[in-house]
Each structure stands twice: as structure tokens, then as C-alpha cells.
There are 2 protein chains.
Amino acid sequence: MLNEFDIFKDFLRHHHLRWTPQRKLILEVFIEQQGHIVIEDLHKKIHSQDPTIGIATLYRTMKLLVDAGLADMHTFNERTTYERLYKVRHHDHLICKVCGRTIEFEHPLIEKYQLEVCERHGFTLRSHRMELFGICNECRK
Amino acid sequence: MLNEFDIFKDFLRHHHLRWTPQRKLILEVFIEQQGHIVIEDLHKKIHSQDPTIGIATLYRTMKLLVDAGLADMHTFNERTTYERLYKVRHHDHLICKVCGRTIEFEHPLIEKYQLEVCERHGFTLRSHRMELFGICNECRK
DNA sequence: CCCCTTATTGATAACGAATATCAATATAAT
DNA sequence: ATTATATTGATATTCGTTATCAATAAGGGG
Ligand SMILES: [Mn+2]
Ligand SMILES: [Mn+2]
Ligand SMILES: [Zn+2]
Ligand SMILES: [Zn+2]
């Protein structure tokens with residue numbers, strides 16, 4: 001199986017885009033993160049390795065990673081986060097309104113019923129977003 | 001059962017807030033809309049009845065209506081919309097990525113499994129968001 | 001009804017995340 | 001190497017929303 005670098009390179013080639021040192025570094029830093037990461041934190045880490053990389057390039061590259069299927073973008077609590085999406089199963093999130101913590105889960109039946117609903121409406125499903133908001137175990141204490 | 005005006009008045013009293021002509025007009029215009037409405041359209045309609053009402057007051061009042069449980073706020077395709085929430089059953093949305101149309105649906109089993117997931121994680125569910133993105137029947141043709 | 005505290009208002013400045021612009025530079029195909 | 005074109009970083013710009021603030025209004029007590 002191809003690794004993320006090869007997947008990204010292939011994606012770029014396919015779209016007549018170019019493999020650059022900036023894109024390489026951004027991908028390197030991104031894949032060593034885990035969980036949901038915001039642009040700001042990503043930028044700090046990238047900046048510490050190469051202070052010349054501009055914020056615009058980071059935004060542009062993250063968009064490419066999403067298009068390439070290597071990153072997933074979420075917006076929780078007015079905040080945009082990116083999540084690695086490589087050999088990671090699809091999942092949805094519980095989001096604590098108090099501490100902001102997210103809990104990941106998957107529920108095959110829910111996914112199945114989503115498809116059912118779409119079929120019933122002649123709708124071709126491409127992606128979905130499901131977020132459950134509330135109060136987590138820790139914050140209830 | 002109380003109507004929306006009484007509910008809003010009660011809400012305001014409870015929070016030591018005041019019933020004003022501006023809030024009355026905004027609620028009047030809001031409840032005669034159906035479906036998902038953006039601030040801009042709401043503002044146009046309000047402006048035609050009273051050009052002196054400022055946009056800030058509209059934003060402030062819509063937030064109050066959400067808090068009072070009379071309006072629901074969504075963000076589809078980077079656009080914030082408000083939806084009337086009075087004697088309207090909870091529902092989720094299919095959103096066409098081509099034409100932007102939304103289709104409403106409800107699925108009791110999905111809701112049930114959502115609760116199940118929350119219980120399993122000791123999570124107290126307060127609200128949720130579920131949006132299915134894809135291509136609608138019209139746009140596929 | 002008046003008084004008085006406090007909420008509300010509208011105009012407008014400010015914010016901030018994300019994007020557009022653009023001239024200089026780098027990439028990769030030939 | 002040459003060449004066409006994609007990319008870059010700095011920076012200006014966008015735009016929906018919120019903060020500021022002085023003037024005004026609401027509404028409870030008397
Ligand atoms: Mn996740
Ligand atoms: Mn709806
Ligand atoms: Zn929590
Ligand atoms: Zn459509």
C-alpha cells in the first residue's frame with residue numbers, strides 16, 4: 001500500500017500540480033500530529049522548522065490534502081480543525097460543550113440508515129457530518 | 001399553548017431583558033418565513049417595514065430567539081441560516097452540493113442509536129447536528 | 001404620573017479567519 | 001538548457017459577525 005507521500009505525489013501529478021519542499025514539510029509535520037489540529041498550531045510547528053513558509057501556503061496545502069483524501073476538515077465550536085485520514089476508519093464525534101474534548105465513535109447502523117434515507121429521496125450521498133454535543137463524563141462530575 | 005410572542009416575552013422577563021418594538025418586528029417578520037432564511041434576506045424584509053432597525057439589533061435578536069428555543073441556527077456551505085422552531089418536529093437535512101437545496105428528514109432509529117452511543121460513553125446529549133451532503137434528484141439528471 | 005436604574009439601540013469601528021493579488025522564483029517536461 | 005506554467009511569501013482584501021459607546025427607551029417602585 002502506498003504511503004501518504006506517494007499518495008500525495010500521485011494526486012499532484014494527476015492534477016498537473018507540483019511537488020515542492022514546502023508541501024513536503026507541511027505533510028511531514030501534519031502526519032506526525034494526532035487528533036484534531038488547528039492551522040495555528042500547525043503553523044507554529046512548521047515555522048520552527050522553516051520560518052520562511054507563509055500562512056497562505058499552509059492554507060493552500062491543507063486544502064490540497066483534503067482534496068487528496070489525506071485530511072479531513074471539521075468545524076467544531078467555530079474552530080476549523082484538520083484530522084489525519086489515512087488508514088483511519090470513518091468516525092463521528094461527541095463534543096463536550098464544557099471542555100471541548102472530542103470523543104470518536106462509529107455506528108454501522110446509523111451509517112446504514114443514512115444511506116437508506118438518501119435512497120428514499122433519490123439522493124446520491126457523498127459525505128456526511130454528524131456531531132453530538134453535550135457534556136462529557138469528566139465535566140459532569 | 002403559548003404562541004411565539006408569549007414565549008419570547010416570558011423568556012425576556014426571565015432573563016431581565018425587555019420587550020421592545022424592534023424585537024417585536026423582528027419576530028413578526030421571522031415567523032412569517034418558512035424554511036431556512038439568511039440574515040441578509042431577513043434584514044431586507046425588516047428594512048422595508050422599518051428602515052431604522054440596525055443590523056446589529058437583528059443579529060442580537062436572532063441570538064435571543066435561538067436561546068429562547070424559537071429559532072434554530074444552521075451553517076451549510078459556509079452560510080448561516082435560521083429556521084423557525086415552533087411546533088416543528090426535529091429533523092435533519094440532506095444538502096445538495098450542486099444547487100444548495102435542502103431536503104428535510106427524520107429517522108427515529110438514528111436518533112435512538114445516537115442516544116445509545118452517548119450512554120455508552122457516559123455523555124449527556126444536549127443537541128446534535130447531522131447533515132448528509134451529496135447530489136439531489138434534480139441535479140443528477 | 002414621574003423617577004430612576006438598567007437594558008437597548010443604531011452607527012460604526014474592529015475583528016479575524018480565510019482568500020485574492022502579484023511579482024519573483026521554482027518545477028518539470030521537452 | 002529552455003520554456004511554459006505552477007508556486008511561493010508578503011500583503012491587501014474580503015466579509016460576516018461582534019464590540020464599543022453615547023443617546024434613548026423600558027419598566028418597576030413610589
Ligand atoms: Mn476525529
Ligand atoms: Mn430544516
Ligand atoms: Zn468535557
Ligand atoms: Zn441539487
Side-chain angles (χ1 to χ4, degrees), chain A residues 5-6 8-30 36-68 71-82, chain B residues 5-6 8-30 36-68 71 73-82 100:
Chain A
F5 291 94
D6 291 330
F8 196 32
K9 285 185 196 168
D10 282 353
F11 172 86
L12 294 174
R13 241 192 308 271
H14 257 93
H15 293 260
H16 306 286
L17 304 176
R18 291 167 186 178
W19 177 243
T20 66
Q22 290 87 345
R23 287 175 179 168
K24 177 169 180 283
L25 176 59
I26 289 170
L27 179 54
E28 277 170 359
V29 172
F30 175 61
H36 302 170
I37 185 154
V38 297
I39 285 279
E40 195 190 333
D41 293 346
L42 218 39
H43 190 229
K44 275 182 202 151
K45 294 194 167 126
I46 287 160
H47 192 84
S48 73
Q49 293 201 227
D50 180 350
T52 70
I53 293 188
I55 191 78
T57 297
L58 177 53
Y59 275 107
R60 290 186 286 236
T61 302
M62 291 316 294
K63 189 164 286 178
L64 291 174
L65 290 176
V66 170
D67 291 344
D72 206 359
M73 199 182 94
H74 303 289
T75 310
F76 302 150
N77 322 311
E78 331 288 301
R79 262 209 151 165
T80 301
T81 62
Y82 294 88
Chain B
F5 291 94
D6 292 330
F8 196 31
K9 284 184 198 169
D10 282 353
F11 172 85
L12 293 174
R13 243 192 308 271
H14 248 96
H15 293 261
H16 307 285
L17 304 176
R18 291 167 187 180
W19 177 242
T20 66
Q22 291 87 346
R23 287 174 180 169
K24 178 168 179 284
L25 176 59
I26 289 169
L27 179 54
E28 277 169 1
V29 172
F30 175 61
H36 302 171
I37 185 155
V38 298
I39 285 278
E40 195 189 334
D41 293 347
L42 218 38
H43 190 230
K44 276 183 201 150
K45 292 192 167 128
I46 287 160
H47 192 81
S48 74
Q49 293 201 226
D50 180 350
T52 69
I53 293 189
I55 189 79
T57 297
L58 177 54
Y59 274 106
R60 289 186 285 236
T61 303
M62 290 315 296
K63 190 165 285 177
L64 290 175
L65 290 176
V66 170
D67 291 343
M73 199 183 93
H74 303 290
T75 311
F76 302 151
N77 322 312
E78 332 287 303
R79 256 200 156 174
T80 301
T81 62
Y82 294 88

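No hydrogens, no waters, no symmetry mates; every other heavy atom, side chains included, goes into these values. In the text below, chain A, chain B and the rest are named by the order of the sequence lines, each starting its count at 1.
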Quickly work out the B:Ile55 CD1 to C:dT9 P distance and round it to whole Å.
-> 14 Å
For the side chain of B:Tyr59, counting heavy atoms from C-beta on, which of D:dT17, D:dT8, C:dT9 is nearest?
-> D:dT17
Check whether any side-chain N or O of B:Thr75 sits under 3.5 Å from a backbone N or O of B:Glu78 as a donor-acceptor pair, and report yes or no.
-> no
For the pair made of CE in A:Met73 and P in C:dT19, what is the distance, rounded to whole Å?
-> 8 Å
Counting any heavy atom closer than 4.0 Å, what does B:Ile53 reach on the DNA or RNA strands: base, sugar-phosphate only, or nothing?
-> sugar-phosphate
Taking all non-hydrogen atoms of both residues into account, name the closest pair between B:Phe5 and B:Lys24 and its distance.
-> CE2-O, 4.1 Å
Quick one: closest heavy-atom pair of B:Ile26 and B:Thr57, and the distance?
-> CD1-O, 4.0 Å
Rounding to the nearest 10°, end axes of the helix from C:dC1-D:dG30 to C:dT30-D:dA1 built from five pairs each make an angle of 40°
Rounded distance in Å - CZ (A:Arg60) to P (C:dA17) = 18 Å
Which residues in residues 11-27 of chain A have at least one heavy atom lying under 4.0 Å from any atom of DNA chain C?
-> A:Arg18, A:Trp19, A:Pro21
When you check the phosphate oxygens OP1 and OP2 of D:dT17, does a side-chain N or O of B:Lys63 lie under 4.0 Å from one of them?
-> no
Send over the distance from A:Glu78 CD to C:dC15 P, rounded to a whole Å.
-> 19 Å
B:Asn77 CG to D:dG16 C1', in whole Å, measures 16 Å
Nearest-Å distance, CG (A:Asp41) to P (C:dA17)?
-> 12 Å
Does the A:Ser48 side chain pair with the main chain of A:Lys45, one donor and one acceptor, at a distance under 3.5 Å?
-> yes
Test side-chain contact (heavy atoms from CB on, under 4.5 Å) applied to B:Val66 - qualifying residues, sequence neighbours left out | B:Ala71, B:Met73, B:Tyr82
How many Å lie between CD on A:Glu40 and C1' on C:dA17, as a whole number?
-> 11 Å
Could you tell me whether the side chain of A:Asp50 and the main chain of A:Thr52 form a donor-acceptor pair under 3.5 Å?
-> yes
For A:Tyr59, check side-chain contact (heavy atoms from CB on, under 4.5 Å) against everything at least two apart and list the hits.
-> A:Ile39, A:Ile55
Protein-nucleotide distance (B:Ile46, atom CD1; C:dT9, atom P), rounded to Å = 12 Å
All salt bridge (Lys or Arg N to Asp or Glu O under 4.0 Å) counterparts of A:Arg18, not counting sequence neighbours | none
Name all residues meeting the ring-ring contact (aromatic ring centres under 6.0 Å, His included) criterion together with B:His74; count only those two or more places apart in sequence or in a different chain, and write none if there are none.
-> B:His36, B:Phe76, B:His93
